There are 2 protein chains.
Amino acid sequence: MKKASRSGDNRGVLMNDVARRANVSPMTVSRALSNPKMVSEKTRTKILDAIEQTGYVPNRLAGSLASNRSNTIGIILPSLKNSLFAETIQAASDVLSKKGYLLLIADSGHLLEEEEKLVEAFLGQRVRGMILHNTLHTERTMAMISNSGIPVVETGDLLAEPMDISVSYSNFEASKAMTMFLAKKGYKRIGFVAMITENNNRARLRRDGYLAALSELNIGVDETLMIEAASSLEAGRDALTKLLAIEIKPDAVFFAGDIMAAGAAFECESLNLKIPEDIAIASFDDLAILQHMTPSITSLQIPRIAIGHEAAEIILNRIKGQETGVVSKDLGFEIAQRQST
Amino acid sequence: MKKASRSGDNRGVLMNDVARRANVSPMTVSRALSNPKMVSEKTRTKILDAIEQTGYVPNRLAGSLASNRSNTIGIILPSLKNSLFAETIQAASDVLSKKGYLLLIADSGHLLEEEEKLVEAFLGQRVRGMILHNTLHTERTMAMISNSGIPVVETGDLLAEPMDISVSYSNFEASKAMTMFLAKKGYKRIGFVAMITENNNRARLRRDGYLAALSELNIGVDETLMIEAASSLEAGRDALTKLLAIEIKPDAVFFAGDIMAAGAAFECESLNLKIPEDIAIASFDDLAILQHMTPSITSLQIPRIAIGHEAAEIILNRIKGQETGVVSKDLGFEIAQRQST
DNA sequence: TGACAAAATGTTACCGCTACCATAACCTTT
DNA sequence: AAAGGTTATGGTAGCGGTAACATTTTGTCA
């Protein structure tokens, strides 16, 4: 193919040009594109030909402005690096792009103020809907969303009173269930490694779930068994090391986030500790590697794909005007019991 | 906070409303926002107050349309799930969002036709620049990009003749280098597990690099040592199993993609094979887990973050009009030698 | 074949903002 | 205090489409 020259000042082919070429009014071109059945077969063909010949690409900015309907959906995550979000995004993307929506994706870096700015920027782009992973927001964020009138789904945790729509599972219940599970397995001293709880309600809820389980089991809380750690392999290793250094060692550790459990498992291997004989390990997030490791690691299975899927579907329904009345959708969780416990 | 009612038909506060409230013309409001120094301190304060009171959020669709300058950058990846892309996106996002740009992100599902549709959709949104990971495109994609006049970076592989800009490393050289490295370590029968080569030029180049190394070393190609596999832990396990089933087993295997090497290492553990004594393993992509596994796995270190960073910077420079003349930027790679070889 | 409804197409105004040029206000300077 | 140069502000006309209504064409049936 011959390399075409790059013309920087090209404002391009307009709908008008296409219209003239096809001997119709611009309006008919517009209709041929957005509502083909409204245009006669013959005219439509003429128009499509003209479009192909000219290489016309409709300006969606103009279209959205005129119609007051954009085709973008905004997604805000605490971090883009976290691969756990990838499945949810992919699922949402699959559903939305099939319907012609484009995704604006940004990360707040776990900062509520940053989320606020992003929400404002997205509203400035007149996104048609939004998905927020965090469930903690500044007042201004909530105010902006509230009077934007667009559907907004929060996915990080199941909310009794979401701003608008909640699609998730209960971090609290999941964490509690896993702790109960470990206790029923016979483990007596269950350590807990939390994610960083600052600005992260999910992290807090998971910790609270752990505590609730202990309380229900009439087990006293031992602060030395609780650690807060970042979401990384290194942090997981460190956390395990710390827990092994306390006076009365835990016989099981529940890692409440991400990839920490894998790090801990690697550390055990380095230390020649047998899992689960010397120490049992359970993880909150079910990463693919956890089921492939030797031993495989017991985890909570979170419906990440379903969350993305459902969030997208509900947004689409809201856009279509089907006020589903759905406010809070619980997609549940499951415990995958494996060799590590 | 009291829950505000959701008003669906709210077209919101306009610049005009702000202007009236601040006793200035809309034009002055516009300037106060986009070019504050052009407005007197006093007026600016009045305007900012009015904005705060009214909760005005500028309509960027209208702004972009009028000024012919949007604030969005498009990114197209073969897949959103692949966590390897996350670092690159994050890096690009960091640079771009700092300058007020928003990211449109989509995945092509490894299909060139899908990429074409997405490019068209992005151009319809009048994105200011684009980052494409794939380096293989349909003719129409190239044509559209060419006469769009916007900066477009390809990041998947270093290109001698990019459509516009190439920021990457050489998959061919990297793969060749690792193969040479293994050979120099004394391994005689080096297996190679390629990614799926269909529609994926990177996969092909990596395979070609392997072949080039063998050729340079005067080692004959043994087809039974070459396998193509998907990017997953399972596929990595399977690939290893297959290679162990051939007549004369390999003494080293180079996994040319993603997470396959980890899968293979897990399989070795299951089979009680010692790495690297029984079989050596090397990986193309340096995932975090590879250096934490026991044994740690030799990998190529790809400058993923630098790629995202540089791609974004170059786009920004182009937008600012600094025709840097950069066409192809090689960010190199390194071999991280670890216990597995 | 004329009347009338339905389908296809056209006309006009405007979406909400910014470029561009015009004007007004504010300083200097002599 | 008039002249001249800044600096600050305003008016007007679009950007490129679409909504809403007007008009024309087509089809149907008595």
Side-chain angles (χ1 to χ4, degrees), chain A residues 9-48 50-51 54-72 100 121 123-128 148, chain B residues 9-48 50-51 54-72 100 121 123-128 148:
Chain A
D9 53 350
N10 178 9
R11 300 268 288 222
V13 183
L14 305 187
M15 187 175 272
N16 226 322
D17 304 330
V18 174
R20 208 172 306 130
R21 195 175 194 111
N23 265 312
V24 295
S25 77
M27 197 56 234
T28 305
V29 176
S30 174
R31 279 192 277 251
L33 256 25
S34 58
N35 209 342
K37 321 156 209 88
M38 277 187 71
V39 174
S40 76
E41 169 99 36
K42 216 174 85 183
T43 331
R44 204 187 317 144
T45 320
K46 270 195 304 182
I47 292 174
L48 260 27
I51 288 177
T54 54
Y56 169 66
V57 179
N59 187 329
R60 298 282 338 199
L61 296 178
S64 298
L65 177 62
S67 65
N68 198 28
R69 275 181 275 112
S70 84
N71 60 333
T72 51
L123 293 177
Q125 294 291 334
R126 296 299 186 263
V127 294
R128 204 71 184 290
S148 74
Chain B
D9 54 347
N10 178 11
R11 300 268 287 222
V13 183
L14 306 186
M15 188 176 271
N16 225 324
D17 304 331
V18 175
R20 208 172 306 132
R21 197 175 192 112
N23 264 312
V24 293
S25 78
M27 199 55 236
T28 304
V29 176
S30 174
R31 278 192 278 253
L33 289 169
S34 59
N35 208 342
K37 319 152 212 93
M38 277 187 71
V39 174
S40 77
E41 168 98 36
K42 217 174 81 184
T43 324
R44 203 186 320 143
T45 320
K46 267 195 308 183
I47 291 174
L48 261 27
I51 288 177
T54 54
Y56 170 65
V57 178
N59 186 329
R60 299 280 340 197
L61 296 179
S64 299
L65 177 63
S67 65
N68 199 30
R69 275 181 275 110
S70 84
N71 61 333
T72 51
L123 293 178
Q125 294 290 333
R126 296 299 185 266
V127 294
R128 206 67 185 292
S148 74

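Keep in mind that this is a model prediction, so the values were computed, not measured. Convention: sequence-line order gives letters A, B, ...; per-chain numbering from 1.
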(request) Please name all residues satisfying side-chain hydrogen bond (donor to acceptor under 3.5 Å, both in side chains) with Ser70(A), sequence neighbours left out, ordered by chain then number. (result) Thr72(A)
(request) Taking all heavy atoms of Ser25(B) and all of Ala19(B), pick out the closest pair and write down the distance. (result) C-CB, 3.7 Å
(request) To the nearest 10°, let me know how far the axis at one end of the helix from dT1(C)-dA30(D) to dT30(C)-dA1(D) is tilted from the axis at the other, five pairs an end. (result) 30°
(request) Determine the contact category for Thr43(B): base if any of its heavy atoms lies under 4.0 Å from a base atom, sugar-phosphate if only primed atoms, P, OP1 or OP2 are that close, otherwise nothing. (result) sugar-phosphate
(message) Treating Thr45(A) as the side-chain partner and Glu41(A) as the backbone partner, does any N or O pair qualify as donor plus acceptor under 3.5 Å?
(response) yes
(message) Going by side chain to side chain contact (heavy atoms under 4.5 Å, CB included), name the residues that satisfy it together with Thr43(A), two or more places apart in sequence or in a different chain.
(response) Val24(A), Thr28(A), Val39(A), Ser40(A), Lys46(A), Ile47(A)
(request) Quick one: closest heavy-atom pair of Leu14(A) and Tyr56(A), and the distance? (result) C-CE1, 3.6 Å
Output a table of nitrogen or oxygen pairs between the protein and nucleotides 19-27 of chain C separated by less than 3.5 Å.
residue: dA19(C); atom: OP1; partner: Arg69(B); partner atom: NH2; Å: 2.2

(request) Could you tell me whether the side chain of Val57(B) reaches within less than 4.5 Å of the side chain of Arg126(A), counting heavy atoms only? (result) yes
(request) Pick base, sugar-phosphate or nothing for Ser40(B), based on heavy-atom distances below 4.0 Å to the nucleic acid. (result) sugar-phosphate
(message) In this structure, how many angstroms lie between the P atom of dG16(C) and the CD atom of Gln125(A), rounded?
(response) 16 Å
(request) Take atom CG of Asn16(B) and atom P of dT18(C), then tell me their distance rounded to the nearest Å. (result) 12 Å
(message) Tell me the interatomic distance from Asn59(B), atom CG, to dC15(C), atom C1', rounded to whole angstroms.
(response) 8 Å
(request) To the nearest Å, give me how far apart CD1 (Ile51(A)) and P (dG17(D)) are. (result) 10 Å
(message) Please pick, from dG10(D), dG17(D), dG16(C), the nucleotide with the shortest atom-to-atom distance to any side-chain atom of Met15(A).
(response) dG17(D)
(request) Report which part of the nucleic acid Lys37(A) touches: base, sugar-phosphate, or nothing (heavy-atom distance under 4.0 Å, all strands). (result) sugar-phosphate
(request) Calculate the interatomic distance between Leu61(A) atom CG and dC14(C) atom P; express it in whole Å. (result) 22 Å
(message) My understanding is that only residues two or more places apart in sequence, or in another chain, count here; which of them pass side chain to side chain contact (heavy atoms under 4.5 Å, CB included) with Arg21(A)?
(response) Ala50(A), Gln53(A), Thr54(A)
(request) Just jot down the side-chain hydrogen bond (donor to acceptor under 3.5 Å, both in side chains) partners of Arg44(A), sequence neighbours excluded, or say none. (result) none
(message) Going by side chain to side chain contact (heavy atoms under 4.5 Å, CB included), name the residues that satisfy it together with Arg60(B), two or more places apart in sequence or in a different chain.
(response) Gln125(A), Ser64(B), Asn71(B)
(request) Quickly work out the Arg44(A) CZ to dA8(C) P distance and round it to whole Å. (result) 9 Å
(message) Taking the nucleotide of DNA chain D with the nearest heavy atom to each, does Pro58(A) or Thr28(B) sit closer to the 5' end?
(response) Thr28(B)
(message) Students often get this wrong, so: under 4.0 angstrom with heavy atoms, is Pro26(B) touching a base, only sugar-phosphate, or nothing?
(response) nothing
(message) Rounded to whole Å, please give me the gap between CD in Glu41(A) and P in dT26(D).
(response) 16 Å
(message) Using whole Å, what does the distance between atom P of nucleotide dA19(D) and atom CG of Leu33(A) come to?
(response) 13 Å
